[in-house]
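Here the structure is a predicted model, which is why all the values come from computation and not from measurement.
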Amino acid sequence: LVALDAYYRGAETVADEDPACGLEWWALAGISRVEGRHGTFGGSELEADGDVTKPIIGIPLPAIGETDGGVLDGRVAVDHAVGPMQFIPSTWRRWGRDGNGDGVADPQNLYDAARSAAAYLCASGPGLGEDAGLRRAYFSYNHSQAYVEQVLGHAREYQRAVPLD
């Protein structure tokens, strides 16, 4: 329920800020399922406040280089994506948002990560309630067509399974 609440709040906040975006909670859930298994990747658990019990650190990304001096990922040689939504540190620096209202934007908190992912996705343009818009936004998140289709498939499954709208 914490994950669902984080996605719902992230989408609602963006809807208030940018109604044309059209992002729904289930679109964020699709990303989180693939990227960090809703905060449970690698043996982590999701706490009631949205924090993960164990930092979620992705694989090394040598093509990215090192952009944060290890501040977010704990690695100083090369960046790793971080948190349940797997943000690259340089992307987090630009898009990181405080989604839980504690005054800190933390990529290891699902409320913050979902709010940040919502802002990032909406920057790709309006119409994210439709598949074409979602494909465009998901591709901006990860430049892989296989990734886009996997995330979209999970997102639509969540939409059908949990009809909140």
Side-chain angles (χ1 to χ4, degrees), residues 2-3 5-25 27-42 44-47 49-128 133-144 147-148 150-151 155:
V2 171
D5 188 48
Y7 309 141
Y8 188 81
R9 286 186 192 193
E12 287 298 301
T13 300
V14 132
D16 290 341
E17 295 172 353
D18 183 3
C21 174
L23 184 71
E24 299 286 344
W25 69 268
L28 295 169
I31 291 177
S32 185
R33 167 67 173 87
V34 172
E35 295 289 357
R37 298 211 171 91
H38 308 297
T40 64
F41 184 80
S44 187
E45 295 178 15
L46 190 58
E47 296 183 329
D49 64 358
D51 286 342
V52 293
T53 57
K54 178 178 161 187
I56 298 174
I57 308 294
I59 61 171
L61 301 168
I64 302 294
E66 175 54 47
T67 66
D68 74 333
V71 170
L72 293 177
D73 58 13
R75 297 356 189 251
V76 294
V78 64
D79 276 346
H80 297 243
V82 295
M85 299 295 270
Q86 288 293 278
F87 274 92
I88 296 168
S90 59
T91 306
W92 183 261
R93 187 171 45 253
R94 178 168 182 208
W95 293 101
R97 305 285 191 274
D98 176 14
N100 63 358
D102 68 356
V104 176
D106 178 1
Q108 300 291 348
N109 177 282
L110 190 53
Y111 284 98
D112 295 354
R115 170 69 187 91
S116 303
Y120 182 85
L121 292 171
C122 283
S124 72
L128 300 192
L134 284 172
R135 282 187 173 97
R136 180 182 66 245
Y138 290 154
F139 191 79
S140 76
Y141 209 90
N142 184 321
H143 299 307
S144 160
Y147 171 86
V148 167
Q150 182 182 24
V151 170

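Of the inter-residue distances, the one linking S90 atom OG with E66 atom CD reads 10.0 Å to the nearest 0.5 angstrom. Between F41 atom CZ and I57 atom CD1 the span is 11.0 Å, to the nearest 0.5 Å. Between atom CG of residue L72 and atom CD1 of residue I88 there is a gap of 12.0 Å, rounded to the nearest 0.5 Å. If you take CE on M85 and CG on L28, they are separated by 5.0 Å, rounding to the nearest 0.5 Å.
Between the T53 side chain and the E45 main chain, a donor and an acceptor come within less than 3.5 Å of each other. One N or O on the side chain of Y138 and one on the backbone of A27 form a donor-acceptor pair closer than 3.5 Å. Side-chain N or O atoms of D79 include none that pairs as donor or acceptor with a backbone N or O of L61 at under 3.5 Å.
When every heavy atom of V52 is checked against every heavy atom of G39, the shortest pair comes out as CG1-O, 3.7 Å. Of all non-hydrogen atoms in A137 and L121, the two that sit nearest each other are O-CD2, 3.5 Å. Smallest separation of non-hydrogen atoms from P60 and V78: CB-CG1, 3.9 Å. When all heavy atoms are compared, the tightest approach of D98 to G103 is OD2-N, 2.7 Å. Closest heavy-atom contact between D18 and C122: OD2-CB, 4.2 Å. The two residues C21 and V14 have their closest heavy-atom pair at SG-CG1, 4.1 Å.
Sorted by first and then second residue, the side-chain hydrogen bond (donor to acceptor under 3.5 Å, both in side chains) pairs involving residues 28-37 (not counting sequence neighbours) are Y7-S32, E35-Y147. Applying the ring pair (Phe, Tyr, Trp, His ring centres under 6.0 Å) rule to pairs touching residues 60-84 yields nothing, sequence neighbours excluded. The list of side-chain hydrogen bond (donor to acceptor under 3.5 Å, both in side chains) pairs with a residue in residues 107-118, not counting sequence neighbours, reads D5-Y111, E17-R115, D51-N109.
Within the 4.5 Å cutoff, side-chain heavy atoms of L128 are placed close to those of R136. Residues P89 and V71 are not in side-chain contact: their nearest non-hydrogen atoms beyond the backbone lie 4.5 Å or more apart.
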Does the side chain to side chain contact (heavy atoms under 4.5 Å, CB included) test come out yes or no for L134 and V151, once each step is laid out? CA-CA 9 Å; L134 284 172; V151 170; over 6 Å; no
T67/R93 under side chain to side chain contact (heavy atoms under 4.5 Å, CB included): CA gap, chis, key distance, verdict: CA-CA 10 Å; T67 66; R93 187 171 45 253; 4.1 Å; yes
Go through I56 and Q86 one step at a time and tell me if the side chain to side chain contact (heavy atoms under 4.5 Å, CB included) criterion holds. CA-CA 8 Å; I56 298 174; Q86 288 293 278; 3.5 Å; yes
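Under the rule for a side-chain contact (heavy atoms from CB on, under 4.5 Å), A77 has no partner lying at least two apart in sequence or in another chain. With sequence neighbours excluded, no residue forms a salt bridge (charged side-chain N to carboxylate O under 4.0 Å, His left out) with D49. Partners of Y141 by ring-ring contact (aromatic ring centres under 6.0 Å, His included), not counting sequence neighbours, listed by chain and number: F87, Y120.
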